[in-house]
Amino acid sequence: MSAVTESAASLRHLVLIDGSGFIFRAFHGLPPMTRSDGTPVNAVYGFTTMLLKLLNDSAADHIAVIFDSSRKTFRTDLYPEYKAHRPPPPEELVPQFPLVREAVRAFDVACIEMEGFEADDLIAAYARAATLQGATVTIVSSDKDLMQLVGDRVAMFDPMKNRTIGPDEVFEKFGVGPERVVDVQALCGDAADNVPGVPGIGIKTAAQLIGEYGDLETLLARAGEIKQPKRRQTLIDNAAMARLSRDLVKLRDDMDLPEPVSALAVRALVPERLAAFLAEQGFRSLINRLDLKAPPRPPVASVPVSASAAEAAPAPAGFSRDQYELVLDLDTLDRWIAAAIEAGIIGFDTETDSLDSMRARLVGVSLAVAPGRACYIPVIHNPPAAQGSLDFGDASAESAGPKPIPADQILARLAPLLADPSVLKVGHNIKYDMQVLASLGVPVTPIDDTMLLSYVLDGASHGHGLDELAQLHLGHTNISFSEVCGTGKSQITFDRVPLEKARDYAAEDADVTLRLHQLLKPRLLAEKMVEVYETLERPLIPVIVAMERAGLKVDRAFLQALSEDFGRRLADLEAEVIALNGGEAFNLASPQQLGKVLFETLNLPGGKKTKTGQWATGADILEELAPLHPLPARLLDWRQLAKLKSTYTDALVAQINPATGRVHTSFSLAATTTGRLSSSDPNLQNIPIRTEEGRKIRRAFIAEPGFCLISADYSQIELRLVAHVAGIEGLRTAFAEGRDIHAITASQVFGVPLEAVDSSLRRRAKAINFGIIYGISPFGLAAQLGIPQGEAKAYIEAYFGRYPEIRAFMEQTKEEARTHGFVRTPFGRKVFTPGIKDKNGAARAFAERAAINGPIQGGAADIIKRAMVRLPAALVEAGMTARLLLQVHDELVLEAPEAEAEATIAVVRRVMEGAACLSVPLLVEAAAAPSWDEAH
DNA sequence: AGCCTCACG
DNA sequence: GACGTACGTGAGGCTT
């Protein structure tokens with residue numbers, strides 16, 4: 001009996017895994033990890049968990065992982081530019097390529113590659129061979145280039161999105177069926193692979209053309225019939241390009257297979273072999289998870305196979321939904337609450353009908369009391385909105401079926417649990433859940449937050465969304481929100497999701513949160529981040545919740561009047577600008593059109609192009625042009641007012657919450673690389689102040705009658721941190737003596753007596769001081785001061801000469817970044833520095849400047865966070881009723897009864913100045929007034 | 001979706 | 001010898 005016949009008898013379902021695609025995704029999706037010997041292994045780890053999950057989930061009888069062999073293939077012979085602009089793989093990835101192949105062999109899975117062909121070609125060839133033998137094939141990849149292979153017996157599966165890709169999904173992506181994908185790609189090209197395509201034709205146009213003419217050859221033959229003249233000509237001119245592109249994109253399936261299909265048969269796992277490999281890589285958690293000392297795992301199950309096998313397969317071990325329960329009666333609720341108290345720690349999540357926590361209504365609550373044991377407690381449940389039918393208010397017929405427990409009864413039972421000091425509530429971005437519950441009068445304490453844990457541990461090396469972390473740390477794909485609620489116009493609110501579906505989604509979130517907590521919390525200690533998390537981040541959450549809920553009062557009528565005033569002046573300025581352009585109208589808001597007007601119509605000199613080849617028209621350029629022509633100055637005025645009107649006066653009025661009459665920003669605690677907060681919807685950290693027109697907007701931020709706003713800001717906090725961190729004696733003394741720091745700097749650096757420092761010298765010294773904070777460069781300083789680079793360089797040398805400690809600090813900081821991949825602030829926060837070893841000099845220099853800025857900006861962020869954490873209790877203790885409203889990096893804004901203004905200021909100053917004990921004093925300037933503008 | 005510009009610290 | 005750069009954010013408008 002020949003090998004081929006033998007395999008034909010048992011070959012029913014072949015799984016082909018795009019190994020090369022996975023390596024890159026794993027590498028870029030995971031934070032850096034190294035083995036004890038220093039070898040980077042993050043891609044190996046990611047690949048291993050993905051392979052593990054696939055082996056568990058799939059019902060294949062044959063399986064292979066396919067790799068690219070080398071960069072040179074028949075395609076590069078055809079077209080040397082193919083993938084030519086791809087940078088070489090990152091340094092940290094290179095040693096991982098062989099390790100990933102080792103991983104495949106450790107699982108005893110076939111590992112296929114072939115000189116001269118890409119993995120995609122081999123996948124095509126094996127898919128063809130298997131389907132000829134009557135088998136079905138699942139291609140595990142998310143590479144759109146493979147979509148041309150989809151058919152009756154061939155499906156794709158995207159493991160990241162947990163989504164099967166069949167003909168419908170291909171049509172969705174390309175606008176044509178799988179058999180015409182190649183023709184569409186030939187027309188639209190592919191920027192990522194440097195496939196040229198036909199200029200000016202994108203995926204939409206390509207699909208439309210192929211749909212109309214049937215295929216590429218017919219289209220090219222009949223190109224003369226196309227109505228649009230421009231399109232007709234480009235197609236005629238680029239027919240050869242299109243054919244070349246097609247040959248590049250079309251997968252070859254006609255080579256001799258390096259291994260027969262029969263060699264891909266699934267083999268029983270050899271536990272010792274796998275354990276040895278995992279141990280070598282230091283993947284202890286995987287060894288434990290697989291329980292590798294126990295009897296060997298049976299080979300992959302051989303259940304009947306369909307294209308959707310991956311979807312139908314049971315969830316991976318430990319992620320069963322069997323113990324997710326819907327809570328619809330009080331007895332069940334009480335059982336879960338008892339289990340929560342017993343456990344002492346729960347995963348916790350709320351579902352609502354809005355992303356805006358100030359408008360959201362509580363739709364349901366989910367709790368997880370142990371991994372895999374979770375429940376969903378619906379609070380509001382409405383029938384799905386029937387499409388196209390009118391609502392006759394006859395809800396009874398539709399909503400027949402299980403009803404939630406009345407909301408007040410749920411809250412009465414849950415509130416004691418949520419406030420129970422012996423039960424830790426673990427949420428993911430629990431700030432949001434606390435907001436929603438606070439609106440219902442339900443406090444939540446004590447708490448932990450997996451989003452913040454992830455943020456302090458891994459910084460900006462990856463996102464901190466729940467779905468992303470589940471994938472990363474648990475190898476689990478969460479049910480996506482869009483799967484449950486849809487997207488775009490047809491998106492429904494969570495209260496309309498059928499209960500069983502809602503249970504699976506919501507319970508999973510609580511479950512995953514609890515599991516992530518088990519993984520992340522212990523890392524705090526191991527990675528020396530306990531202090532940062534426990535004293536800076538976690539206690540800040542309730543403070544931020546209160547600030548966001550308080551909001552700020554804005555003077556609506558004043559803003560509207562301002563908006564109208566701006567509007568009139570904008571119209572006048574526009575008319576002036578158009579007149580100055582010889583009466584030729586153009587869109588003043590379009591940099592592209594403006595560039596043409598300035599440098600082509602008016603022919604003004606000094607035009608520069610941005611990196612995309614457009615004319616640069618930034619404020620600095622327009623200022624240079626101002627002496628030459630009246631138009632640029634008018635346009636600057638127009639831009640200023642246009643910005644103020646659209647971003648501030650109009651937007652702020654629209655953001656006033658109807659229920660409170662105030663604007664409520666959202667602070668993000670896990671957004672920045674340095675540890676700062678960020679503010680959005682609306683952003684209240686960038687309200688204008690630098691110009692007179694802009695300050696008018698600040699005047700609209702006011703206190704309630706009988707109250708005042710207090711603004712308290714740290715004076716020169718970042719420069720003080722430089723003096724402290726770098727130990728600069730000259731600056732330390734100046735700060736200790738309470739001197740004008742920029743004047744002192746000018747005097748010391750330029751070698752003139754203090755009395756002789758004029759405003760120009762002081763301005764230059766100030767720019768250098770700022771430059772130091774940003775990781776100074778002659779270019780940057782020169783641009784800032786409008787002086788030649790040589791002069792800027794001399795200033796920097798003089799500065800380093802006078803303050804020699806700064807040079808050592810900069811070198812040490814860069815070295816720290818190179819050895820660890822991060823720098824630490826004086827309070828222990830890690831600021832990650834990706835790119836610090838980049839071999840591109842510019843990229844590296846960028847990372848170096850960011851590294852120098854890290855401890856300074858991050859340290860200042862730590863200090864104000866410490867102040868914010870301590871302030872509420874200090875105010876209460878002093879008998880003050882003031883509320884914190886805003887944080888703007890070095891400034892806090894409070895609202896206080898007028899009568900308490902002075903006493904409140906005293907408390908605020910004491911807390912802020914005492915928030916850290918550095919080798920330089922901290923100084924806070926504070927004032928009270930009816931509006932933010934006057935208080936500042 | 002990416003770019004440009006600009007508001008803040 | 002040329003290149004491309006001050007650090008960190010979020011929002012609005014234009015263009016593709």
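Numbers restart at 1 for each chain; the letters A, B, ... are given by sequence-line order, proteins then strands.
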Engineer: Tell me, please, whether A:Phe566 has A:Lys645 positioned over its six-membered ring: NZ or CZ under 6.0 Å from the ring centre and within 45 degrees of its axis?
Structural biologist: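 Judged by the rule (NZ or CZ under 6.0 Å from the ring centre, within 45° of its axis), A:Lys645 is not positioned above A:Phe566.
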Engineer: Of all of residues 680-693 of chain A, which get a heavy atom below 4.0 angstrom from DNA chain B, listed by number?
Structural biologist: A:Gln685, A:Asn686, A:Ile687, A:Pro688, A:Ile689, A:Arg690
Engineer: Which heavy atom of A:Val823 sits nearest to which heavy atom of A:Ala851, and what is that distance?
Structural biologist: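 Result for this residue pair: CG2-O, 3.7 Å.
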Engineer: Can you name the side chain to side chain donor-acceptor pair (under 3.5 Å) partners of A:Asp890, sequence neighbours left out?
Structural biologist: none
Engineer: For the residue pair A:Tyr799 and A:Tyr803, is the inter-centroid distance of their aromatic rings smaller than 6.0 Å?
Structural biologist: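 Yes, the ring of A:Tyr799 comes within the 6.0 Å limit of the ring of A:Tyr803, centre to centre.
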Engineer: On DNA chain C, does the nearest nucleotide to A:Ser590 precede the nearest nucleotide to A:Ala767 from the 5' side, or the other way round? Give the residue.
Structural biologist: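 With A:Ser590 and A:Ala767 compared, the 5'-side residue is A:Ala767.
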Engineer: Reading DNA chain B 5' to 3', which nucleotide is the first, and which the last, to come under 4.0 Å of any heavy atom in chain A?
Structural biologist: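 The protein-touched segment is B:dC3 to B:dG9.
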Engineer: Determine the Euclidean distance between corresponding P atoms of C:dC3 and B:dC6; express it in Å to zero decimal places.
Structural biologist: 25 Å
Engineer: Identify the 5'-most and 3'-most nucleotides of DNA chain C with at least one atom closer than 4.0 Å to a non-hydrogen atom of chain A.
Structural biologist: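 Endpoints of the contacted stretch of DNA chain C: C:dT5 to C:dT16.
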Engineer: Applying ring-ring contact (aromatic ring centres under 6.0 Å, His included), name anything that partners A:Tyr432, two or more places apart in sequence or on another chain.
Structural biologist: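 Listed in chain order: nothing, the list is empty.
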Engineer: Set out, in order, the CA-CA distance, both residues' side-chain angles and the distance that settles side-chain hydrogen bond (donor to acceptor under 3.5 Å, both in side chains) for A:Asp681 and A:Ser666, then state yes or no.
Structural biologist: CA-CA 6 Å; A:Asp681 308 300; A:Ser666 173; 5.6 Å; no
Engineer: Do the side chain of A:Ser563 and the main chain of A:Leu559 share a donor and acceptor less than 3.5 angstrom apart?
Structural biologist: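 Here the side-chain-to-backbone pair does not exist.
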Engineer: Once side chain to side chain donor-acceptor pair (under 3.5 Å) is applied, do any residues pair with A:Arg849, and if so which ones, sequence neighbours excluded?
Structural biologist: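 Scan of A:Arg849 (side chain to side chain donor-acceptor pair (under 3.5 Å), adjacent residues dropped) gives none.
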Engineer: Give a yes-or-no answer on whether the side chains of A:Glu600 and A:Trp615 include a donor-acceptor pair shorter than 3.5 Å.
Structural biologist: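 Per modelled atom types, A:Glu600 and A:Trp615 side chains form a pair under 3.5 Å.
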Engineer: Please classify the nucleic acid contact of A:Ala783 as base, sugar-phosphate, or nothing, using heavy-atom distances under 4.0 Å.
Structural biologist: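 Answer is nothing: A:Ala783 stays at 4.0 Å or more from every strand.
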Engineer: For a quick check of understanding: with a heavy-atom distance under 4.0 Å over all strands, which category does A:Glu891 fall into, base, sugar-phosphate or nothing?
Structural biologist: nothing
Engineer: With a non-hydrogen cut-off below 4.0 angstrom, is A:Asn587 in contact with a base, only sugar-phosphate, or nothing?
Structural biologist: sugar-phosphate
Engineer: For C:dT5 versus B:dT5, give the span between their P atoms, rounded off to a whole number of Å.
Structural biologist: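 Result for the P pair: 13 Å, nearest Å.
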Engineer: Can a side-chain donor-acceptor contact be found between A:Gln685 and A:Ser679 if the only test is distance below 3.5 angstrom?
Structural biologist: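 Per modelled atom types, A:Ser679 and A:Gln685 side chains form no pair under 3.5 Å.
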Engineer: For A:Gly771, answer base if it contacts any base atom (sugar-phosphate contacts may also be present), sugar-phosphate if it contacts only those atoms, and nothing otherwise; contact means non-hydrogen atoms under 4.0 Å.
Structural biologist: base
Engineer: In which stems does DNA chain C show up, taking only runs of three or more Watson-Crick or G-U wobble pairs whose two distances fall under 3.5 Å?
Structural biologist: B:1-9 with C:7-15
Engineer: Is it true that A:Gln640 and A:Thr691 share a donor-acceptor pair across their side chains at a distance under 3.5 Å?
Structural biologist: yes
Engineer: Remember a base hit wins even if backbone is also touched, and classify A:Gln592 as base, sugar-phosphate or nothing at under 4.0 Å, heavy atoms.
Structural biologist: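 A:Gln592: backbone/sugar contact only, no base atoms under 4.0 Å.
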Engineer: Considering only NZ, NE, NH1 and NH2 on the basic side and carboxylate oxygens on the acidic side, decide whether A:Glu693 and A:Lys643 come within less than 4.0 Å.
Structural biologist: no
Engineer: Determine the interatomic distance between P on B:dA1 and the same-named atom on C:dA6; round to the nearest Å.
Structural biologist: 27 Å
Engineer: Would you jot down, in residue-number order, the residues of residues 843-856 of chain A having a non-hydrogen atom under 4.0 Å from DNA chain C?
Structural biologist: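 Close to the strand are A:Phe846, A:Arg849, A:Ala850, A:Asn853.
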Engineer: By side chain to side chain donor-acceptor pair (under 3.5 Å), which residues pair with A:Thr234, not counting sequence neighbours?
Structural biologist: none
Engineer: Taking NZ in A:Lys609 as the centre, count heavy atoms belonging to other residues, nucleotides or ligands within less than 6.0 Å. Is the count above 12?
Structural biologist: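 Counting neighbours around NZ of A:Lys609, more than 12 heavy atoms of other residues, nucleotides or ligands fall under 6.0 Å, so yes.
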Engineer: Who are the side chain to side chain donor-acceptor pair (under 3.5 Å) partners of A:Arg909, not counting sequence neighbours?
Structural biologist: A:Glu913
Engineer: Between A:Thr745 and A:Arg764, do the side chains contain a donor N or O and an acceptor N or O under 3.5 Å apart?
Structural biologist: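 Result is no, nothing qualifies.
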Engineer: Quick one, which residues of residues 632-646 of chain A touch DNA chain C with a heavy atom under 4.0 Å?
Structural biologist: A:Lys643, A:Ser646
Engineer: Does a sphere of radius 6.0 Å around CD in A:Gln491 hold more than 12 heavy atoms from other residues, nucleotides or ligands, not counting ones at 6.0 Å or beyond?
Structural biologist: yes
Engineer: Please tabulate, one pair per line, all N/O donor-acceptor pairs under 3.5 Å involving side-chain atoms of residues 770-778 of chain A, not counting sequence neighbours.
Structural biologist:
from     : atom 1 : to       : atom 2 : distance (Å)
A:Ser777 : OG     : A:Gly780 : N      : 3.1

Engineer: Could you go step by step and tell me if A:Glu891 and A:Ser711 meet the side-chain hydrogen bond (donor to acceptor under 3.5 Å, both in side chains) rule?
Structural biologist: CA-CA 7 Å; A:Glu891 174 190 7; A:Ser711 163; 2.7 Å; yes
